[in-house]
Amino acid sequence: MSALLEISGLDAYYGRAHILQGVGFGMGRGEVLALMGRNGAGKSTTMKAVMGLVPPARGEIRFDGQRIEGREPFEIARIGIGYVPEERRIFSELSVMENLSVGQRPPREGVPHWTPERLFALFPNLGRMRDRPGGAMSGGEQQMLTIARTLMGNPRLVLLDEPSEGLAPVIVEEMAKTILALKGEGLSILLSEQNLHFAGNVADRAAIIEKGIIRFTGTMAELKADEAIRAQYLSV
Amino acid sequence: MFDLILTQTLNGLASASSLFLVASGLSIIFGVTRIVNFAHGSLYMLGAYIGWTLVTWLGPTSGLGFWGGVGLAALLVAIIGVVIEVAILRRIYQAPELFQLLATFGVVLMIQDIALATWGAEDKLGPRAPGFKSFVILFDNRFPTYELLLIAIGPLVLALLWFLFQKTRWGTLVRAATQDREMVAALGVNQRLLFTSVFAFGAGLAGLGGALQLPREAATLHMDLSMISEAFVVVVVGGLGSVTGAYLAAVLIGILHAFGILIFPKITLVLVFLVMAVVLVVKPYGLMGRRPVGAARGTATAEPLLRPADRAAKLAGLVALILLAAAPLVTPDYLLLTLTELVIFALFAASLHFMMGPGGMASFGHAAYFGLGAYGAALAVKWLGAPMEPALIFAPFLAGIAGVVFGWFCVRLSGVYLAMLTLAFAQIAWATAFQWVELTGGDNGILGVWPSHWAVSKTAFYYLALAICAACVVLLRVMVFSPLGYALRAARDNPLRTEAIGIDTMRVQWVAFTIAAFAAGIAGALFAFFKGSVFPTYMAIPRSVDALLMVLLGGVQTVSGPIVGAFAYAGLSEQLMKMTMYWRFTLGLSIVLLVVLFPRGLVGGFLALRERRDRSDKDGAVVTRLATEGAP
Ligand SMILES: Nc1ncnc2c1ncn2[C@@H]1O[C@H](COP(=O)(O)OP(=O)(O)O)[C@@H](O)[C@H]1O
Ligand SMILES: [Mg+2]
């Protein structure tokens, strides 16, 4: 069987700035892949390109064997790719329940079917503030809510953009547990991350991006063993 | 006394209902699509006309005929909304705000002629609503029951809207999209469908408002613009995107009107806009509106740079000037008149461009300063007996002083709010000219504003206008590339950082506003002597829109744009007027097509073409990218 997500030769621009320059990597079903790199390396842009939010100029993106580049974001979401943006983008005027209902899509075969009740079991905090407006929540709670909102679409693959960014250490721990729990449900996750420790705890494999070019792909264990690569592309 | 207050309050409340229906639709559409739909008043007008036809056809005497007709009219207008959205707006969601506005104004023009062709120029007297033809006696005053019904409909619709937005999935999606439409799409919601449905819904509300108005007043061809300017006021006073705010504001405006007519019959119009100005100064985002957070996501079109002219452009400008100067030698008289007008409009457009392009302040009411210049000249001639020369010097100061006063308020706002405030001030200026009959002659205007003896001949006046306008345009150009111009552009692009380096952005914008007003005043003064008369229409909304169209047609990002735009637009409308009775339709259609095909304006489109060609010489690959980027 083919890979779940297969990207090759992907180019993307913001205006005239050539941001992604032939990005390519693949990931399998049920896998957690950490896309790593420094600030501005192109992690978020890669995710937006997959999602159709930044139009890819060249290259191929295959999801489950189907070409998806050039499709509209809503179509890409509907075939089972969920997107959790870096800036969270909670609907601050909407309550927790309403935020979830925006993400709601019909059940999908072969993947877990999420309901608000199941999500509240995963994120107990959210269950206690169902009617609270998204804007009145803490950063950690908002991060949980964005993930829950995306899960309401019953995705096969989730693009998680820097989920640990800006969170307190305790919450980061919780986030790691959540990701592992989702992996346990059979979900595939593409995670962008700068924190090697966090990525090491949750990811099976890693890809390193620098200035819009993929510099490394391999297992997490290989990355941990390769001091030179880490020093060159990850440390500040 | 008490009964008078009561009946006027009821009157105000009754007129608030239709206003609310239209304004809430406008507000909802803006919230989701970020399009200020100038054509919303036209949809209201269509609601009234279609309602009239349907009710007449179904039988105005039966309840089913009347109410069925009203409901069907709303439905049909909603369907018309779908057509407009799918055929036009959908193609321009990524275009700059003002182009969208331009396109919707094109729709206004088209609908005006469609209505004229379908229903004729005569007013259509509305049927009375069966079951609501009688009066109730309130404190010895007869009060029509239909008015009471209308009063009830306002809060009823408000409650319905509340239910729809709070309790249904569609409403939740609309509220979410109002905040972040791109995120909504990324969650799998078909934005197109959502936008179309929102537009249809808003259009339906406007149509309903129009049809419900039938028993109160006749359907006329002027309903569209008078409604849209009031609906703008309501939406801005209430707060963009807030339905409750729209209701409060509609009631406020309705009651203000009702009492204004009683107490200050001369300045009712001024009163409304004055209230709007006060509200905006105290609460810049309206009664119930909030400061937009992170603005509209998903429209990240950066403002292109304003470039200095290269050699070729300078040469082209010089050649154009020489051609214009040589024109009287070869052109017949009537063409010389057209040319004089074009030259004056070019200055008018350039003055608006000065605040819009480098200043980033779009004005919906630039005609105010043009008109004040014209009135300044006319008043100097009429009341001071001044000859042309001192009058020409005096006039722009009137416009400039108005610019100082109005500008002080306007620069405190930005974007759509600033534009609306400029519109409000223009309406004040217009209303003053219209209602202060003793000074201005009101609707009859001021006649006999003739040039001095030496400038009476067509050729002499043409040279006078050309010399003054060319000099002013060059001066404006010089200012764009002076420290003032740079500070202005810095303030437009990054106000916070500009403040941080010690530039008082508001002050810079205020100065620019005043200069633009002054320059428009010069154009207006010339125009007064050119026509020999002035009328309030010089300051009316259509004239402001003319200027906007000229600037946008030419493109905001070059200095030559507005001049090319002025010639293109004025030339086009003049020719169209001669060719066809339905020139508005043709003009509107051309505007819509131009916006859809050249979202950067004529000169901008030309530059883009040139850029593309230059690049293809160097790098074929980049062209493919441009092509994919360019696709919607
Ligand atoms: N909206 C945008 N417009 C222009 N440039 C952008 C935009 N977003 C990101 N960039 C640029 O693209 C590059 C990659 O950014 P991004 O993908 O966000 O990096 P990362 O997520 O790895 O930190 C950076 O140089 C950034 O400055
Ligand atoms: Mg990022």
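Since this is a predicted model, take the numbers as computed values, not measurements. Chain A is the first sequence line, chain B the second, and so forth, proteins listed ahead of strands; every chain is numbered from 1. What you see below is based on every heavy atom in this structure, not just the backbone, and it leaves out hydrogens, waters and symmetry mates.
Within residues 69-86 of chain A, the residues having any heavy atom under 4.5 Å from a heavy atom of chain B are, by residue number, A:Glu72, A:Pro73, A:Phe74, A:Ala77, A:Arg78, A:Tyr83, A:Pro85. Of residues 140-156 of chain A, those residues with a non-hydrogen atom less than 4.5 Å from any non-hydrogen atom of chain B are, in numerical order, A:Arg149, A:Thr150.
Pairs engaging residues 112-128 of chain A under the salt bridge (Lys or Arg N to Asp or Glu O under 4.0 Å) rule: A:Glu117-A:Arg130, A:Arg118-A:Glu185 [sequence neighbours left out].
A donor-acceptor pair under 3.5 Å links the side-chain atoms of A:Arg105 to the main chain of B:Gly188, judged by distance alone.
Across B:Arg192, B:Gln191, B:Gln166, the residue that shares the most heavy-atom pairs under 4.5 angstrom with chain A is B:Arg192. Residue with the most contacts toward chain A among B:Val189, B:Thr178, B:Leu173, B:Asn190: B:Asn190 (heavy-atom pairs, distance under 4.5 Å).
For A:Ile90, the part lying near chain B is the backbone, with the side chain staying farther off; criterion is any non-hydrogen pair under 4.5 Å. With a 4.5 Å cut-off on non-hydrogen atoms, B:Arg169 touches chain A through its side chain but not through its backbone.
Atom NZ of A:Lys211 has 12 or fewer heavy atoms from other residues, nucleotides or ligands within 6.0 Å. Other residues, nucleotides and ligands contribute only 12 or fewer heavy atoms inside 6.0 Å of the CZ atom of B:Phe163.
Side-chain contact between A:Phe91 and B:Thr172 is absent, with no heavy-atom pair separated by less than 4.5 Å. Between A:Glu93 and B:Gln179, the closest side-chain pair of non-hydrogen atoms falls below 4.5 Å.
Take A:Glu193 and apply the salt bridge (charged side-chain N to carboxylate O under 4.0 Å, His left out) test, not counting sequence neighbours, and it matches no residue.
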